[in-house]
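As the structure lists them, so they are numbered: ligands from 1, and atoms in each ligand from 1. By convention here, the first residue in the shown sequence is residue 1.
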Amino acid sequence: MKIDSITLHHLSMPLVAPFETSFGRETQRECVLITLRAEGLTGYGECVATREPGYNYETTGTAWHILKDFIAPLILDQDLTDAHDFQRRVERIRGHHLAKAGVEMALWDLLGKREGKSLKQLFGGVRERVEVGVSIGIQESASALVRTVESYLEKGYRRVKIKIKPGREVEETTAVRRAFPDLRLQVDANSAYTLETASALDPLDELSLLLIEQPLFEDDIWDHRKLQARFKTAICLDESILTPRHARYALEMEACRNINIKPARVGGLSQAIMIHDYCYERGVPVWCGGMLETGVGRASNLAIASLPGYVLPGDISASDRYYHRDITNERFLLNDDSTITVPDKPGLGVTMDEDALKQFTLAQLTLKTRE
Ligand code: OSB
Ligand code: MG
């Protein structure tokens, strides 16, 4: 499809509640919305880079720079045939996966709209509803955490992930397990431990957790192998897996037993599908992570989570868990069985609430083909 223009919106949206992880606390969530225009169609993509380089090195600022100065010139006025064609064109840009993934998502939205097919159909998804859970940030105290978990169980979530960090893990996780003995419970450390300090996690191995997500540094696939060797509980990698090659390294090394696939972190949906296929062939369970997406990124996450290998519940909660007001007209609701329905309209299957978009826009830029 010949790309006529690219529009960037730097957004800042108030979260319904602050979200605290081992790397910081957010009350406003920033991201970059990418709009591609081609063949009279409009495609949306969400770049999930955050205000601060806490989750990884990218920020809304670095993404803006890479999108404007490097990605846009490579695709404006170009005839992009598919996601792999896009990936080949941006190959020479090292890293910056979140920026690339945002554009790839918008391209998929365009391709789907042109074909009259949903992303789920384009990907070969097999589920109409996907099982989801909720990811809960670090709370004031263990008892406050138990109350927060309870409030989400009352809303119908059947799987809970809690964020942990050094000194805020054993008491918290034990309290939740005591209060809810049968709950499907998992923890996420966001790279806050080293092999030495990870002994603090030993008591968690007795709490029947579904998994322990990313305890060690991003570049520590090898040390995760050492930790997995002495843990009964499955280690799950998030930040460490940036490419399909990393997925192979981690599985060959037995550094983890499952993978949180965030399409953005691996550079796009096409790369997420490759990792999914690799894991699926080997019987390694995967699940779809989240980055507090708007309705745009949420629609994309639901579509990819409809693939057969996504057998663990995703961090894809209902819209009201994140935002009072979203930028899409569509809001995603939790079904009675702790699932969310996958969109079935062409492309991402979402439309823009232009007033909301305006309300949350800090900066906007349109790049067009030379006349
Ligand atoms: O590590 O999974 C993570 C949010 C921001 C950055 C990193 C992570 C998260 C989450 C939120 O856990 C998941 C969600 O979108 O609900
Ligand atoms: Mg994580």
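Residues passing the ring-ring contact (aromatic ring centres under 6.0 Å, His included) test with Y280 are H276, sequence neighbours excluded. Evaluation of the side-chain hydrogen bond (donor to acceptor under 3.5 Å, both in side chains) rule for T7 yields T366 as partners, not counting sequence neighbours. Taking the ring-ring contact (aromatic ring centres under 6.0 Å, His included) definition, one finds that H96 meets it with Y57, sequence neighbours left out.
Residue E26 places no heavy atom under 4.0 Å from ligand 1.
Compare N190, V48, N301, I136 by their heavy atoms: the one nearest to atom 1 (O) of ligand 1 is in N190. Taking only non-hydrogen atoms, the option from M291, Q214, K262 nearest to atom 3 (C) of ligand 1 is K262.
Under 4.0 Å from ligand 1, the heavy atoms of D188 that appear belong solely to its side chain. In I316, neither the side chain nor the backbone holds a heavy atom less than 4.0 Å from any atom of ligand 1. At a heavy-atom distance under 4.0 Å, no atom of E239 approaches ligand 1.
Cation-pi geometry between K155 and Y152 is satisfied (NZ or CZ under 6.0 Å from the ring centre, within 45° of the ring normal). Note that R282 lies in the cation-pi zone of Y278, set by a 6.0 Å cut-off to the ring centre and a 45° limit from the axis.
Salt-bridge annotation for E213 and K161: present, with a side-chain N of the basic residue lying under 4.0 Å from a carboxylate O of the acidic one. Looking at D4 and K2, a side-chain N of the basic residue comes within less than 4.0 Å of a carboxylate O on the acidic one, giving a salt bridge. A salt bridge is absent between E281 and R248; no separation between the charged side-chain nitrogens and carboxylate oxygens falls under 4.0 Å.
The 12-atom threshold is exceeded at CD of Q28, counting heavy atoms of other residues, nucleotides or ligands nearer than 6.0 Å.
At least one N or O atom of L292, backbone or side chain, sits closer than 3.5 Å to an N or O atom of ligand 1. Among the atoms of K163, some N or O lies under 3.5 angstrom from an N or O of ligand 1. For a threshold of 3.5 Å applied to N or O pairs, the pair formed by R321 and ligand 1 contains no separation below that value.
For the residue pair Q214 / D188, no side-chain donor-acceptor distance below 3.5 Å is found, with atom types taken as modelled.
The number of protein N, O or S atoms lying under 2.8 Å from the Mg ion (ligand 2) is 3.
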